[in-house]
Amino acid sequence: MIEIKQYISEVIHAGLAKLEIKENVLVEKSANSDFGDFSSNIAMALAKTLRKNPLEIAKMIQSELTIDKKIISDHSVTQPGFLNFRVAKLFYQKTVTEIIASADTFGRTDTGKGKNANVEFVSANPTGPLTVGHGRQAVLGDTIANILEWHHYDVTREYYYNDAGRQMRILGQSVTARYLDQVGQEGDFPEDGYEGDYIKTIAKEILERHGDGLSPEDRIFRTYAEELIFADIKNTLEIIGINHDVFSNEQTYYNTGAIDAVVEDLRNKNLIYESEGATWLKATALGLEKDRVYYKSSGEPTYRLPDTAYHRDKLNRNFDLIIDLFGADHADTYPDVLAALEALGIDIAPIRVLIHQFVTLLKSGKKVKMSTRKATFVTLEELIKQVGPDVVRYFFIMRSMNSHLNFDLDLAADQSEKNPVYYLQYAHARICNIIKNGAEKHLAVTGEFDSALLSDDAEISLIKVLTEFPEVMATALENMEPQGIANYLHHMSAEFHKFYASCRVITDDHDLSTARLNLITAVKIILGNGLGVLGVSAPERM
RNA sequence: GCCCUUGUAGUUCAAUGGAUAGAAUAGGUCCCUCCUAAGGAUUAGAUGUAGGUUCGAUUCCUACCAAGGGCACCA
């Protein structure tokens with residue numbers, strides 16, 4: 001389909017050349033198929049410079065077009081000056097053969113060939129179970145990684161967490177307090193402590209394993225909590241089909257001296273100063289709004305400093321593309337990190353920052369602020385157990401990352417049986433079943449068939465959708481948004497179900513049956529590949 | 001107060017500046033002697049407000065209103 005657009009664009013260019021006009025030509029899919037399959041607004045764009053009615057210009061261009069009837073069967077001019085083109089059936093019919101022949105390569109580009117990409121996502125600190133909110137980022141990140149892999153990038157999925165700061169210290173203190181409670185001592189629960197019941201469970205496990213004589217100073221409270229929580233996080237990710245290749249953490253960068261190096265290198269550039277007992281980054285000198293603290297007066301660094309060291313390291317690992325997927329709360333903070341890196345003379349061009357909006361949790365119709373600390377969350381695991389991984393993934397992929405989406409667990413459970421993902425999976429299962437029935441009647445899909453037999457309206461509409469797949473996948477890569485793929489697959493499934501209702505595949509007509517079996521096999525290939533990229537299963541039966 | 005997102009059917013979401021604003025769900029009305037009715041057909045229903053740019057605006061700009069996030073020596 002990309003070729004068709006290009007072909008039309010070239011045809012118009014040639015026409016314009018005869019008229020001695022130079023202008024960029026834009027060809028797009030027609031919104032309404034009554035007008036044709038593609039249209040160009042070139043005449044409207046030229047109206048101003050030529051000082052002519054766009055309709056006249058369109059007619060003028062039309063009369064100069066030289067068109068291959070085997071590709072474009074018909075063209076017309078309509079108000080207010082659109083040039084319309086209808087693609088020949090033959091072109092569509094041939095596409096089915098092409099899809100079956102190229103199978104897994106249909107719709108891929110070589111954009112990522114020989115290139116390495118790093119996608120950092122989830123990156124939740126191990127202070128509690130993953131919530132529905134984290135789920136959004138987890139699914140988005142993994143699917144974006146899949147899209148990159150589809151286009152031949154070699155992808156590293158990375159999880160970075162802060163394990164040296166205040167949050168983990170408070171986690172340890174919270175566990176200590178619960179432990180002391182359980183051994184009958186007065187536990188001093190920290191003010192900003194983690195209130196979830198899982199903290200009590202961890203404390204209980206420590207009690208069972210290590211007895212009641214531990215000192216409140218013992219590091220085991222923190223390390224054991226981190227270990228258990230991380231195991232839980234990894235388990236949750238695994239059941240939704242997500243596996244990170246690399247886990248990196250803040251502590252490493254202290255150990256290797258990378259953090260000191262960042263400060264020293266910036267100091268050499270006069271971008272570090274001390275004030276009120278703290279160490280500051282002179283961010284204003286880098287064009288930012290205000291200076292930022294690197295080391296608090298307590299001597300503890302802020303997250304910003306290790307993050308900078310971490311990104312410096314990531315850039316040094318020579319990725320061609322680095323995706324940072326953050327929640328909206330980070331929108332204001334990454335510019336500091338990028339500015340510091342640039343000041344260090346590092347090329348930050350490979351970095352692409354993606355920001356997604358938050359999930360608002362609704363409980364009995366009311367908004368609840370999700371907080372790990374206050375334990376006001378629905379865990380991702382809970383949700384997956386209730387509705388299944390496919391529904392969870394599709395739920396998040398359907399929405400653009402910019403939408404502030406509302407999440408009501410009761411509603412989600414209620415509606416899970418009507419989840420649109422089943423509509424796609426059902427189409428796939430139906431196809432598999434028909435192919436099975438065909439095989440029983442010794443009808444095989446070989447790619448050898450008379451494509452001209454596929455001329456029913458429902459068949460042509462279905463094939464048209466198939467031809468759009470490469471463009472959908474290319475756009476997904478450009479925008480780094482999986483959403484378009486979900487919309488597309490839904491549209492394709494709808495066309496398939498319509499086709500199913502009006503055209504019977506297995507009949508006494510051997511040739512027609514074979515042609516239709518090839519057609520639905522092409523649908524199965526694309527649906528299967530698309531669902532694969534979304535990380536959603538493509539069942540053979542439901 | 002300043003900055004970033006976002007306001008579209010009753011609800012949850014779509015729509016590279018284009019033609020009649022799409023789905024899903026909820027509500028009407030139909031269709032299983034036929035490859036899975038987890039389906040199909042059909043009906044009804046929406047661009048926050050006020051300006052501006054443009055041949056053309058849901059899309060771009062300005063103001064206002066509303067929601068979420070940020071403006072920490074929290075991450």
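Labels below follow one simple rule: chain letters A, B, ... track the order of the sequence lines, proteins then strands, and each chain is numbered from 1.
- Looking at heavy-atom distances under 4.0 Å, A:E276 makes contact with a base.
- Rounded to whole Å, the distance from NE2 on A:H330 to P on B:rC71 is 11 Å.
- Taking 90° from 0 as the syn/anti boundary, the base of B:rC32 is oriented syn.
- When the C1' atom is used for both B:rA15 and B:rU58, the distance is 8 Å, rounded to whole Å.
- From A:E481, atom CD reaches atom OG1 of A:T475 across 11.5 Å, with rounding to the nearest 0.5 Å.
- In this structure, A:K367 does not reach the B:rA67 phosphate: none of its side-chain N or O atoms is under 4.0 Å from OP1 or OP2.
- Formation of a donor-acceptor pair under 3.5 Å by the A:N84 side chain with backbone atoms of A:G36 is not found in this model.
- For B:rC55, the paired nucleotide is B:rG18, the pair qualifying as Watson-Crick or G-U wobble because both relevant distances are below 3.5 Å.
- If you check every strand for non-hydrogen atoms under 4.0 Å, A:A278 touches a base.
- Across the strands present, B:rG7 finds its partner in B:rC65; the criterion is a Watson-Crick or G-U wobble pair with both atom distances under 3.5 angstrom.
- Annotation for A:E417: atom CD does not count as buried by contact number, only 12 or fewer foreign heavy atoms lying within 6.0 Å.
- Listed pair A:S403 / B:rU5 fails the phosphate criterion, with no side-chain N or O lying under 4.0 Å from OP1 or OP2.
- Where A:A31 and A:I506 meet RNA chain B, the nucleotide closest to each residue was compared, and A:A31 sits on the side nearer the 5' end.
- In this structure, A:H356 atom NE2 and B:rU5 atom P are separated by 16 Å, rounded to whole Å.
- Within 6.0 Å of atom CD in A:E440, more than 12 heavy atoms from other residues, nucleotides or ligands are found, so the atom counts as buried in its surroundings.
- You'll find that the side chain of A:S400 is closest to B:rA14, out of B:rG18, B:rC74, B:rA14.
- If you take CG of A:N249 and P of B:rA75, they are 15 Å apart, rounded to a whole angstrom.
- In this pair, A:F35 lays its aromatic ring flat on the base of B:rA19, centres within 5.5 Å and planes under 30 degrees apart.
- In this structure, A:T308 and A:L341 have side chains that are in contact, with non-hydrogen atoms separated by less than 4.5 Å.
- Using a 4.0 Å heavy-atom cutoff across all strands shown, A:R304 reaches no nucleic acid atom at all.
- Ring stacking holds between A:F82 and B:rA19, with the centres under 5.5 Å apart and the planes within 30 degrees of each other.
- Among the heavy atoms of the strands, none lies under 4.0 Å from A:A427.
- If you check distances only, the side chain of A:T360 never reaches the base of B:rA67 with a donor-acceptor pair under 3.5 Å.
- Per the geometry, CG belonging to A:L405 stands 18 Å off P belonging to B:rU5, to the nearest Å.
- Here the nucleotide nearest the side chain of A:R292, chosen from B:rA26, B:rC13, B:rA72, is B:rA72.
- A distance-only check finds a donor-acceptor pair linking the side chain of A:T302 to the backbone of A:V293 [under 3.5 Å].
- Comparing atom distances between the A:N487 side chain and each of B:rA75, B:rA14, B:rU25 picks out B:rA14 as nearest.
- Applying the 3.5 Å distance criterion, the base of B:rC73 shares a donor-acceptor pair with the side chain of A:S297.
- Put simply, A:Q483 has no side-chain N or O that comes within less than 4.0 Å of OP1 or OP2 on B:rC13.
- In this structure, the CE atom of A:M401 is 16 Å from the C1' atom of B:rA14, given to the nearest Å.
- Checked against B:rC34, B:rG40, B:rA75, the side chain of A:R504 finds its nearest nucleotide in B:rC34.
- Between B:rA72 and A:K290, a contact under 4.0 Å exists linking OP1 or OP2 to a side-chain N or O.
- Between the base of B:rU5 and the side chain of A:H404 there is a donor-acceptor pair shorter than 3.5 Å.
- Heavy-atom minimum distance, A:Y194 versus A:F189: O-CZ, 3.2 Å.
- In this structure, A:R399 atom CZ and B:rU12 atom P are separated by 10 Å, rounded to whole Å.
- If you check every strand for non-hydrogen atoms under 4.0 Å, A:T78 touches a base.
- In this structure, A:F247 has its ring center under 6.0 Å from that of A:Y159.
- In this structure, A:N53 reaches neither bases nor backbone, as no heavy-atom distance under 4.0 Å exists between it and the strands shown.
- When the side-chain nitrogen and oxygen atoms of A:N32 are compared with OP1 and OP2 of B:rU20, none of them lie within a distance under 4.0 Å.
- The cationic group of A:R399 lies under 6.0 Å from the six-membered ring centre of A:F395 and within 45° of the ring axis, placing it in a cation-pi geometry.
- Straight-line distance from the CG atom of A:L83 to the C1' atom of B:rA19: 14 Å, rounded to whole Å.
- The interatomic distance linking A:N518 (CG) with B:rC35 (P) rounds to 22 Å, in whole Å.
- For A:N41 against B:rG18, a side-chain-to-base donor-acceptor contact under 3.5 Å is present.
- Under 4.0 angstrom from either OP1 or OP2 of B:rA37 there lies at least one side-chain N or O belonging to A:R430.
- Looking at heavy-atom distances under 4.0 Å, A:T475 makes no contact with the nucleic acid at all.
- Straight-line distance between the P atoms of B:rA44 and B:rA24: roughly 16 Å, to the nearest whole Å.
- Residue A:K52 places none of its side-chain N or O atoms closer than 4.0 Å to OP1 or OP2 of B:rC55.
- The separation of B:rU43 from B:rU16, taken at their P atoms, amounts to 26 Å, rounded to a whole angstrom.
- Here B:rG39 is the nucleotide among B:rA75, B:rG39, B:rA38 with the atom lying nearest to any side-chain atom of A:H497.
- Using a 4.0 Å heavy-atom criterion, one finds that A:N84 contacts the bases of the nucleic acid, with or without backbone contacts as well.
- Under the Watson-Crick or G-U wobble criterion, with both distances below 3.5 Å, B:rG45 has no partner in any strand shown.
- Counting heavy atoms of neighbouring residues, nucleotides and ligands inside a 6.0 Å radius, atom CD of A:E23 exceeds 12 of them.
- Here B:rC35 is the nucleotide among B:rU12, B:rC74, B:rC35 with the atom lying nearest to any side-chain atom of A:I434.
- Listed candidates were B:rG69, B:rC73, B:rC35. Nearest to the side chain of A:Y500 is B:rC35.
- Residue A:Y423 places at least one side-chain N or O closer than 4.0 Å to OP1 or OP2 of B:rG40.
- When heavy atoms are screened at a 4.0 angstrom cut-off, A:C432 is found touching no nucleic acid atom at all.
- Side-chain nitrogen and oxygen atoms of A:K48 include at least one within less than 4.0 Å of the OP1 or OP2 phosphate oxygen of B:rC55.
- The side chain of A:H490 lies closest to B:rA23 when the candidates are B:rC73, B:rA23, B:rU25.
- Nucleotide B:rA23 is matched to B:rU12 when pairs are restricted to Watson-Crick or G-U wobble geometry with both distances under 3.5 angstrom.
- Nearest nucleotide to the side chain of A:A328, out of B:rG69, B:rC71, B:rC34: B:rG69.
- For A:N402, a side-chain nitrogen or oxygen approaches OP1 or OP2 of B:rU6 to under 4.0 Å.
- Taking every side-chain heavy atom of A:D332 into account, B:rG70 is the closest of B:rC73, B:rG70, B:rA23.
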